[in-house]
Amino acid sequence: MDNMLARASGRPVPRRRSRVALASGMVGLAVAATVAVASGANAGTTLATAAAEKGRYFGAAVAAHKLSDSTYAGILNREFNSVTPENEMKIDATEPQQGQFTFGNADRIVEHARSRGMSVRGHTLAWHSQQPGWMQNMSGSALRQAMLNHVTQVATYYRGKIHSWDVVNEAFADGGTGARRDSNLQRTGNDWIEAAFRAARAADPTAKLCYNDYNTDGQNAKSNAVYAMVQDFKARGVPIDCVGFQSHFNSASPVPSDYQANLQRFANLGVDVQITELDIEGSGQTQADNYGRVVRACLAVSRCTGITVWGIRDTDSWRASGTPLLFDGSGNKKSAYTATLDALNGGSTPPPTTPPPTTPPPTTPPPTTPPPSGGCSAAVSLNSWNGGFVATVRVTAGSAPIDGWAVALTLPGGATITNTWSARATGTTGAVTFRNVDYNGRLAAGVTTEFGFQGTGTGPTGTPTCTVS
Ligand code: G2I
């Protein structure tokens with residue numbers, strides 16, 4: 001409370017001094033409270049609420065078998081609004097025998113999260129590690145087919161329930177080569193990554209699709225190689241929406257000095273960036289300072305949409321001896337927790353409602369109608385592959401607020417819409433009109449909302465028209 005008031009009033013008062021101030025009388029408290037209200041500042045008192053104030057999520061990696069531990073679940077439910085199954089969605093867990101899918105443990109986490117309004121990061125659909133035995137023994141086109149089937153089955157099963165999927169994990173080699181990591185998946189052909197992304201998009205067009213890796217947190221040969229891949233995917237319309245930076249740090253692998261700049265350069269490619277597996281070995285002030293730096297870097301990048309720590313208590317960590325997390329083994333908040341919360345409650349760039357312009361421009365420049373005053377405009381961007389497409393449509397209100405919108409466009413012959421989200425479509429072929437749904441019809445002047453649709457055949461190429469309804 002004392003720190004919250006200090007923060008809300010814009011005064012960085014050290015914890016001990018503010019306690020003294022608080023004890024010195026009710027007058028000081030009343031003044032501070034008045035300042036907090038007058039300034040309109042809302043300091044979050046948990047990681048989730050503080051991050052939400054900044055338009056971000058704050059998540060934790062979760063193990064299904066720990067959900068029955070009341071200390072663990074208590075912290076999870078109080079502090080976090082996003083979860084990542086730590087192991088339960090990996091290939092060996094979800095397809096232990098070829099063609100036999102088991103989702104029990106993953107479902108427990110998804111249910112726990114969704115019933116409490118938390119979002120879920122899916123981890124991970126295609127990875128060289130934690131493959132079941134049958135997959136480890138496969139190669140060539142049989143493996144490629146099995147991998148694509150796995151991606152399709154798992155993403156379809158969880159369709160509509162996943163905020164972001166780590167579609168492909170850790171596909172680049174360490175060291176200075178910038179090469180792909182050798183693996184059975186890589187040996188099926190260099191295009192295995194884009195094939196996995198296309199299969200994921202077709203299976204769940206609502207999830208953001210991420211590439212996730214470690215040792216890519218600063219600019220180096222490995223992150224340069226990932227950067228080149230993302231740039232290439234954006235240029236060729238391969239459906240990628242986000243890049244995950246695992247951010248496992250310790251003294252041998254510290255938070256890089258160009259961490260924020262590296263996040264920003266990826267964001268400038270037109271993808272969201274997410275900190276996906278944060279943990280920082282250490283203790284005390286040094287650890288706390290490093291957590292603060294990471295959080296501030298994310299808040300400074302408008303497309304850094306959320307942070308996930310890789311576990312809850314130090315004892316839950318995959319490297320518990322390094323005490324790398326925000327809560328100690330008894331569930332007490334560490335100074336790293338306070339530094340994280342304080343950083344979340346500090347200043348930041350606005351939340352990522354309107355993504356910054358992307359470089360380079362997409363190969364299919366979104367056709368736009370000129371922004372009419374008081375009307376609306378629409379722009380389509382397409383992710384296409386042989387035989388199908390996903391269209392994302394951005395609808396922007398003109399110079400006046402609107403209460404509803406309708407976007408009309410024409411599909412080429414042979415194209416059929418199979419699925420629409422965040423809009424209602426009339427028709428599935430030829431001339432189609434999309435109208436807003438309940439929650440996205442009302443837009444303030446200049447504000448943008450998105451809807452999308454998926455189809456077979458070729459996507460629309462003409463200019464959409466937007467009318468206010
Ligand atoms: O290694 C840290 C992370 C690096 N990035 C990808 C993440 O998926 C990875 O997470 C870790 C989990 O935290 C560990 O919990 O991935 C490890 C496996 O690669 C996980 O370890 C495994 C053990 O290897 C298994 O023996 C064990 O059965 O955890 C399993 C469940 O406890």
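In each ligand, atom 1 is the first atom listed, and ligand 1 is the first ligand listed. Starting from 1, each residue takes its place in the sequence as its number. Note that the coordinates shown come from a computational prediction; the quantities given were computed from them, not determined experimentally.
For atom 26 (O) of ligand 1, no protein non-hydrogen atom is found at a distance below 4.0 Å. Note that atom 23 (C) of ligand 1 has no protein non-hydrogen atoms nearby, at separations under 4.0 angstrom.
For atom 12 (C) of ligand 1, the nearest non-hydrogen atom of the protein is Glu86 OE2, 3.4 Å. Ranking the protein heavy atoms by distance from atom 10 (O) of ligand 1 puts Trp310 NE1, 3.2 Å first. For atom 3 (C) of ligand 1, the nearest protein heavy atom (residue, atom name, distance) is Glu277 OE1, 3.3 Å. Atom 7 (C) of ligand 1 has as its closest protein heavy atom His123 NE2, 3.4 Å. At the top of the distance list for atom 31 (C) of ligand 1, counting protein heavy atoms only, stands Asn87 ND2, 3.6 Å.
Geometrically, Arg293 does not engage Tyr259 in a cation-pi contact, judged by NZ or CZ lying under 6.0 Å from the ring centre and within 45° of the ring axis. Cation-pi geometry between Lys334 and Tyr291 is not met at under 6.0 angstrom from the ring centre and within 45 degrees of the axis.
Close approach to His248 involves these atoms of ligand 1, each under 4.0 Å from a residue heavy atom: 3 (C), 4 (C). Atoms of ligand 1 found under 4.0 Å from any heavy atom of Asn169, numbered from 1 in the order shown, are 6 (C).
Ring centroid separation for the pair Tyr337 and Phe327 comes in under the 6.0 Å cut-off. Remark: aromatic rings of Trp127 and His150 are distant, center separation not under 6.0 Å. Ring-centre distance between Tyr158 and Phe103: below the 6.0 Å cut-off.
Residue-level proximity to ligand 1 for Tyr214 is absent, since no heavy atom of it falls below 4.0 angstrom.
Around atom 18 (C) of ligand 1, the closest heavy atom drawn from Glu170, Lys90, Gln130, Gln246 belongs to Gln130.
Side-chain polar atoms of Asn149 and Gln145 form no donor-acceptor pair below 3.5 angstrom. Side-chain contact of Arg121 with Gln274: a donor-acceptor pair under 3.5 Å is present, judged by distance alone.
Annotation for Ala203 and Thr156: closest pair CB-OG1, 3.3 Å, computed over non-hydrogen atoms.
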